[in-house]
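Numbering of ligands and ligand atoms starts at 1, following listing order. Bear in mind the structure is a predicted one, so any value in this text is a computation, not a measurement.
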Amino acid sequence: MGFGRGKVILLGEHAVVHGCPAIAVGIERGVTADAIVAERDLLRLAPWDLTLGPDAESDEPLERAFAAALALYPGRPALDVSALVDLPAGAGLGCSAAIGVAVLDAIDEALGIERTRLELAAAALSWERVFHGNPSGIDNTMSAVGGVALYRRDEALRPLHSNKPLHLVIGYSGESSSTKDMVASVGRQLENDPKRVTQAFEGIEVLVRNAKLAIEAGDHIALGQLLDLNHTILSSLMLCTTQLDDMCRAARGAGALGAKMTGAGGGGCMFALATKRDEALRLQGVLGEGAFVVEVSA
Ligand code: MEV
C-alpha cells in the first residue's frame, strides 16, 4: 500500500519558493494507493469517483501528472492505480503532492522497486511540477518523509527534535484556491515591488530561524507569537482572506497560542497552536465544520 501524507507549513510558505527556509510537519491524514499490473494504464481517485488515463498533452493536470509519473518507469507494464484521498483539495494541506507520493509509492511496490522516502520525495517532484511550475519541493518532501523539519530548496532536509509534541488544530475556510495562481501572484509582487517583497521574505526568514529554536526548546508560547507574526506578513502579501483572518482571530480569542494561514493562501486552511490535546479539542469546536486536531512529535 502506498502512502503520502498531508502537510502543514508552520512558517515560511511562499518565501520558501524564493530560497528562504520553511518549517513544516507531515500529518497522519493523507492519501493511500494501490497499484496492480493491468491491461491499460488507469488512475482511479476516490472519493471523487474519477477515473483517468495518462495524457501528457491534456488540459486536466491529473492526467498530465499521471503521465509524468509513469514516464519515470521505462519498460514497465500497464498499471491500474487506485488512490483514496483523505484530504481537502486546494486547501493548503498538500493534497496534490500526497497523491503523487502515494501513487509513486504504490507503483514502486507493484514493480518491486525499493527506494528511501527521500528518494521517493525527489521522484514525486515531477508530479508536483505539473500542478505549479515552480514548486519549492516542500510539499512532496514532507508528504513522503513526515515529522517536523526545516526545509530549504536544494539543501538536505533538517529534521527538528523536541520532546514536546505540537498540538495543532486545522481549520478549513471552505474556500479553495490554486497554489499556481497564489505563487504567481507573489512572483508578480516581487517583480513590481522588489524592496517590499524582499523585506517580507527577510522578515519571514528571521521568524523561521527563531521558530526552529522555539520548537527545539519546547517554547510553544514563543512559537505561537512567531506564527501570528508570520500570518501578518502573509497578509501584507495579500494571501489571507477575510475568512482566514476571522478564523485566526477566533482561535486566538479562544486561547490558542498562535494562529496562521498555511500553504498557498487565498483560501484553504489555517491552523492554531494549542497548549495540549484537551485545549486543541476545545479549539476544534471554535473552528467549526471540517476542523480537525493533529498531534505531531518532533
Ligand atoms: C504550498 O503548499 C507552499 C508554497 O510555498 C509553494 C511551494 O513551496 O511550492 C506556497
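In this structure, R282 pairs ionically with E279, as a charged nitrogen and a carboxylate oxygen lie closer than 4.0 Å. Taking 4.0 Å as the cut-off between side-chain N and carboxylate O, K7 and E13 do not count as a salt-bridged pair. Ionic pairing of D105 and R117 is present here: one or more N-O contacts between side-chain nitrogen and carboxylate oxygen are shorter than 4.0 angstrom.
Under a 3.5 Å cut-off, the side chain of D228 and the backbone N or O of A259 do form a donor-acceptor pair.
No side-chain donor-acceptor contact under 3.5 Å links S173 and Q243.
Using a 4.5 Å cut-off on side-chain heavy atoms (C-beta onward), L229 and L11 make no contact.
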Contact table, ligand 1 N/O with protein N/O, distance under 3.5 Å:
| from | atom 1 | to | atom 2 | distance (Å) |
| --- | --- | --- | --- | --- |
| ligand 1 | 2 (O) | K7 | NZ | 3.0 |
| ligand 1 | 2 (O) | D139 | OD1 | 3.0 |
| ligand 1 | 2 (O) | D139 | OD2 | 3.0 |
| ligand 1 | 5 (O) | H14 | N | 2.9 |
| ligand 1 | 8 (O) | S136 | OG | 2.5 |
| ligand 1 | 9 (O) | H132 | NE2 | 3.2 |
| ligand 1 | 9 (O) | S136 | N | 2.9 |
| ligand 1 | 9 (O) | S136 | OG | 3.4 |

